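Every chain is numbered from 1, with letters handed out A, B, ... down the list of sequences. As the structure is a prediction and not an experimental result, all values here were calculated from the model.
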Amino acid sequence: MSADVQLENVWVQFGDFVAVRDTSLTIQGGEFFSFLGPSGCGKTTLLRAISGFQEPSRGRVLIGGKDMAGTGPNQRPTALIFQNLALFPLMSVWENISFALEVKGVNKSVRRKKADELLELVALPGQGDKMVDELSGGQKQRVAVARALCAEPEVLLLDEPLSALDLKLRQHMRTELRAIQQRAGITFIYITHDQGEALTMSDRVAVMRQGTIDQVSDGTIVYDRPETAFVASFVGENNAFPGRVIEVTQGIASVQTKSGVLHAEVSAVSPLTSGDAGIVFVRPESVRFADPSALQNRLEVTVANQEFEGHFWHLVLQTAEGSVIRMSVMNDGERETYEIGSRIAVSFTAQGAIALAQGELAAE
Amino acid sequence: MTSARVLRLAVGFYILLFFTYLFGPLIVMSFTAFNSSEFPSISPWNCVTPEWFGVLFKDQHLMGGLRSSLLVGIGVVLLAVPIGLAASLLITQLQKRARSIVYTIAISPILVPGVVLGISTLVFWERIDRVVLGVEDSFFYDGYFMTIIGQSTFIAAYAMLVFLARLQRFDPGLEEAALDLGATHTQVFRKILLPFLKPAIASAAVLAFLASFENYNTTVFTIVSKSTLTTVLASKVRYGINPSISALAVIIIGLTLVGAVIHEYLRRKEVAKTEALAAEGLPAPTRSRSGNRVLRVPVGALASLIFVAMLATAWIARDYDVAQCKVQVTEENRKKFDALKQQRLAEAKAKREANRQDADVAVETNQAGRQYQNIFAPTNLGSQIDSTEPSEPDSDATTAVETNQAGRQYQNIFAPTNLDGQVDSETKDE
Ligand SMILES: Nc1ncnc2c1ncn2[C@@H]1O[C@H](COP(=O)(O)OP(=O)(O)OP(=O)(O)O)[C@@H](O)[C@H]1O
Ligand SMILES: [Mg+2]
């Protein structure tokens, strides 16, 4: 069972402070939908509005087509995995998991059986009789997932449920969650700080900034075709060259920057015209060592630093005017290394870069 | 001697002084419970005796007071703890302004003198009886009822403080989580909040009971014609006490110690459990332990001290006969008295010779002198009786004196003739 979730012009205000601003969004039933955004941008607040803990100041929340105004959290077909988990410390693991059944008056043996099944599912078999205190952080998170699943919600809301796990376990839980979601066909609404997580797991990603949603689309589009300067700078790494648009021809903009005139594709969604303030964004992996023949988007730089990260080399380059360019080079074992301080030339193609209107950038 | 050592010595001395101040009275009182002397005292020490415990249990007044204290205490627990719980829950739900108003109102009975609470409770319920019910002194004007109500006004506030302290550590997220999983508000209260508050309910109940048990100021007004332990004790002090009160104190101290040891035992078990968890490398629930360690030492030391004292008593008591001891003490006292009498007589004789007066007149002077010293004592009459017939105990006089004895001793305690008085009263004993 799954239900779609619709937000219609939802506002959430705390006194004068606007935590969520005029947000409209439709999340399909059975979709794995992620919210991505910096800390304090209103992700948790939005989840609380969906799960019923926070009445919107304005606008409507609909679940399965029904207006949820006045429906308390215990009557909504949602289950929320809290950012701090909120496991019941005085109950054992299995009692925690089967709490949703207990309040329905289901008898103990049935509850125990269901709890054991769910423990199996979250890879914690035989841990049902422990107290919550006795679990590690990662185990607690898995218990929280199991507890929410036990309520058999139509919409599962997850507020950074994997943040406390180590990398291996996180990867395991990601695939596990994805599998659970596909098996149960539940709508998952997922909040994360981890962009990789959002991009790999989700059908669609919403990028939030200060209470508003900047862009909603699938992961590759968010990464490759950001629609605002904020999304471009927040999702993944990006080199930014602010300047003024000189001309736009055939979807390629020429922008006058401190590092000279740079050429980049224009976003179809937010077009630019000449005279606009614009920014050219280039991903580190799109920066190449310049062929002698390459004349477009060519930059003369000095190697300021280089970091080795297994399959990649990360180079920090400095232009003559002092701007910093990051560049990632695949570690294919053939590359000659550069001394720090050596002067090289790099370039990128117009297709590998994107020009967007100037706007707020994500904080580093 | 280094200055650090001086400091350590000074600190040790201070601690000794402090504990003496803290426990000295209790220890002295405990000893008086075992002295056969009629008045609670350790010096002069007469005989070791358990008889005061018997006297205590036979004292209908005290036992009746104890019973009603227990009754009132239970009533107060049943009334004050739920009220305190409700108030604390209300306060945590309220917003800033309303919260501080309700808090102030709930806490105010603690600040009002108990006497005022007592009188106002009395007046209020008497009025209710008269004006609202149209009856006189019958329905609400009942000692138990008014005492429970009166004490609960401020004891509920104590309970509320206990609950508030606990609620401050409650994670409201748990409430939300339970709601989210489909629990109703009632279920949240029963299954989440109440289990969390359980330890606080226990402490609040104990606190409420103890506060009720020891309350005097309010109770003395609201209890009307009945009496609780505290009011009985107060009236006893007025009319003269005997060591059965110390015996009661020993029992109460003993119960407290047993309670403390049990509590300590349970707590240590808990600590051991968390430490075992920590040893497994799992996160233990954070809990400060340093505070408890400080407590552990005096409680343990006191408990073992008492144990040793009991052993020693048992050892001494092996071939010890109270009756015999008493006879012995009486004998000694009589000897002392006789010696004193001889001395007095000799003095009188000397005086008589000096003044060339009659022997009878000399004795009278002597008596008058003693009376003079007692002139402000309310039992003056009693002492007159026994001073006129000091050496030949007469059964009538003895009973008359006995009823008064304890009181007289008490009033004479600072009188210069104290020793004499004690000597005669002991003589009279048989
Ligand atoms: N109950 C509240 N009262 C006042 N302000 C609030 C309240 N809850 C949240 N806020 C504010 O709303 C903003 C958004 O908070 P929210 O918890 O939704 O952030 P978030 O995106 O979940 O951040 P994080 O990633 O750090 O969890 C924050 O600035 C926060 O201070
Ligand atoms: Mg959050």
Practice item. Let me know if Lys191(B) has heavy atoms under 4.5 Å from chain A in its side chain, its backbone, both or neither. Key: both
Revision key, fill the gap. Among residues 82-99 of chain A, those lying within the under-4.5 Å heavy-atom range of chain B are Phe82(A), Asn84(A), Ala86(A), Leu87(A), Phe88(A), Pro89(A), Leu90(A), Met91(A), Phe99(A)
**Study point:** salt bridge (Lys or Arg N to Asp or Glu O under 4.0 Å) partners of residues 161-189 of chain B, not counting sequence neighbours, each pair once
**Key:** Arg48(A)-Glu176(B)
**Study point:** Pairs meeting criterion ring-ring contact (aromatic ring centres under 6.0 Å, His included) with involvement of residues 190-217 of chain B, two or more places apart
**Key:** Phe170(B)-Phe196(B), Phe209(B)-Phe213(B)
Exercise for review: Quick one: sort the Phe35(A) and Phe33(A) rings into parallel, tilted or perpendicular, breaks at 30° and 60°.
Suggested key: perpendicular
Point to revise | Side-chain donor or acceptor of Gln6(A) paired with backbone N/O of Thr26(A) under 3.5 Å | key: no
Review point. Within a strict 4.5 Å, meaning less than it, do heavy atoms of the Gln54(A) and Val12(A) side chains meet?
Key: yes
Exercise for review: Mind jotting down which residue pairs meet the salt bridge (Lys or Arg N to Asp or Glu O under 4.0 Å) criterion with at least one end in residues 89-103 of chain B? Sequence neighbours excluded, please.
Suggested key: none
Practice item. Answer yes or no: is there a side-chain heavy-atom contact under 4.5 Å between Leu162(A) and Thr192(A)? Key: no
Check your understanding: Looking at Arg147(A), Gln75(A), Lys104(A), which one has more heavy-atom pairs under 4.5 Å with chain B than the rest?
Key -> Arg147(A)
